[in-house]
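Heads up, the thing below is written out as structure tokens.
For ligands, and for the atoms within them, numbers begin at 1 and follow the listed sequence.
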Amino acid sequence: MTMKAVVFPGDKRVEIREVPVPVPGSGEVLIKMKASAICRSDMSLYYGNPVVGGDAAKSGSIYPGHEPAGEVAQVGEGVTRFKPGDRVAVYLAVGCGECSHCKSGYRMFCKEWKCVGFDIHGGDADYLVVPEENCMRIPDEMSFLVAAVSTDAVGTLYHAQKRLNISGRDTLVIFGMGPMGGAGVMVAKGLGATVIAVDMLDERLEVAKELGADYVINGKENVLERIMEITGGRGADAAIDCSGSPHAQNTALNSLRPHGRAAFIGEGRELTINPSNQLIRKQITVMGSWYFPIFEYDEIARFIIERKLPVEKLVSHTFRLEEAATAFRMFDERLTEKAVFVWD
Ligand SMILES: [Zn+2]
Ligand SMILES: [Zn+2]
């Protein structure tokens, strides 16, 4: 039996190959793909200089897609927790299974971790094989589309806000209203916070409002002044940067009240700060946050369902796998927000 799979030979080329359907080995599960979300980090593979992964990722022969969801089609020997027909999303980090990080659920900290869609084949193919322990059961009420987006985008922002202890007492500023920032707005509203959304694009600020943002600020305005106005001169209780821009990261720190807390999520290069004024004398807590531990997924899925997070609103485009070349080009040119491959 054969299937279609996407590969990136490099230099923005997209090929759809006809390849054999993989066979699940011992402890592995074959998933019939239903939804696979495109992420900004896929663009590094598309250009041919992956931000994650080792030699395999650089080979140009790995099927991308680290935000997959689908239906179990077949299980390998020894698989006990899943059976054909089960609906699952996939955790992107495959670890050694033995170290303290793997045992704690933070498999992306495993020294030997492999990233689905970078080091090993991902979900931009008709079928995907992953270890049983990377399958995360999804609630019946959750669509495959929402399940795919619930992993990286919503999961990352949920985990960060849990660590920041966001609640109804907080005014939270989120910088960067791409799919990550948008997911952040939804999660923050679900937690009861007052949300200020910042972006350079008015279209994205419109989406942020639809997702529940209480205030929006265009980055061309004096952002700090506006945040101070909104908070009655106190400053924000917390800030999250999803943009990775040094200017936004600095504004995030400057917008905080004493004892404020910040999380950096958007990847960036270098940042110059003034620790005395920006951190020390306000006793600011800054953390980096990346993805989520696998045990947290049940909580994330339940949160999405119970708080009725409008996750599908993050998705501006869906594509068939056959349209991969168009999908990645449009995503790269920022003609889409979250884009997702879907199957019947
Ligand atoms: Zn991603
Ligand atoms: Zn490990």
Side-chain angles (χ1 to χ4, degrees), residues 6 8 27 33 35-47 49-54 57 62-69 89-124 128 130-134 136 144-160 176-184 187 240 242-244 264-268 288-297 300 311 314-317 319 324 327-328 331-332 334 336-341:
V6 171
F8 293 137
M33 288 300 306
S36 180
I38 301 178
C39 176
R40 197 53 56 193
S41 61
D42 292 329
M43 292 299 105
S44 68
L45 286 168
Y46 178 68
Y47 285 101
N49 53 3
V51 287
V52 179
I62 295 289
Y63 319 149
H66 59 273
E67 305 181 15
V90 173
Y91 190 77
L92 62 70
V94 177
C96 72
E98 294 294 328
C99 72
S100 60
H101 299 304
C102 284
K103 290 213 179 346
S104 73
Y106 289 83
R107 294 195 195 144
M108 68 288 202
F109 298 154
C110 174
K111 282 210 165 62
E112 291 169 33
W113 84 288
K114 295 203 178 336
C115 190
V116 171
F118 285 86
D119 300 298
I120 53 179
H121 291 313
D124 296 349
L128 167 68
V130 291
E132 171 183 26
E133 57 265 26
N134 281 68
M136 305 183 289
F144 288 110
L145 181 88
V146 169
V149 180
S150 73
T151 58
D152 201 359
V154 183
T156 300
L157 270 294
Y158 180 86
H159 185 60
M177 283 295 122
M180 285 281 183
V187 170
I240 296 178
C242 296
S243 73
F264 288 177
I265 286 168
E267 309 250 354
S289 206
W290 186 41
Y291 209 50
F292 58 92
I294 190 166
F295 65 79
E296 208 162 272
Y297 186 74
I300 293 164
V311 177
L314 297 175
V315 179
S316 68
H317 291 71
F319 294 97
F328 287 107
F331 190 86
D332 182 44
R334 296 182 190 265
T336 76
E337 291 297 336
K338 200 72 178 164
V340 183
F341 290 113

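Side-chain contact of Y297 with T151: a donor-acceptor pair under 3.5 Å is absent, judged by distance alone.
Shown are the protein N/O/S atoms under 2.8 Å from the Zn ion (ligand 2), given by residue and atom: C96 SG, C99 SG, C102 SG, C110 SG.
Listed here is the closest heavy atom pair of C96 and E112: CB-OE1, 3.7 Å. Contact detail for T156 and F292: the closest heavy-atom pair is N-CD2, 4.1 Å.
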Before giving the answer on side chain to side chain contact (heavy atoms under 4.5 Å, CB included), spell out for M180 and L157 the whole-Å C-alpha distance, their side-chain angles and the decisive distance to 0.1 Å.
CA-CA 7 Å; M180 285 281 183; L157 270 294; 3.5 Å; yes

Please test C39 against H66 for side chain to side chain contact (heavy atoms under 4.5 Å, CB included), starting from the C-alpha separation and ending with a verdict.
CA-CA 8 Å; C39 176; H66 59 273; 3.4 Å; yes

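Of all protein atoms, those of element N, O or S that lie under 2.8 Å from the Zn ion (ligand 1) number 4.
Classified by interplanar angle (parallel below 30°, tilted 30° to 60°, perpendicular above 60°), the ring pair F328/F8 is perpendicular. Ring orientation note: the planes of Y106 and F295 are nearly perpendicular, at an angle over 60° on the 30°/60° scale. Classified by interplanar angle (parallel below 30°, tilted 30° to 60°, perpendicular above 60°), the ring pair W290/W113 is perpendicular.
The backbone N or O of Y63 lies less than 3.5 Å from a partner atom in the side chain of H121, making a donor-acceptor pair.
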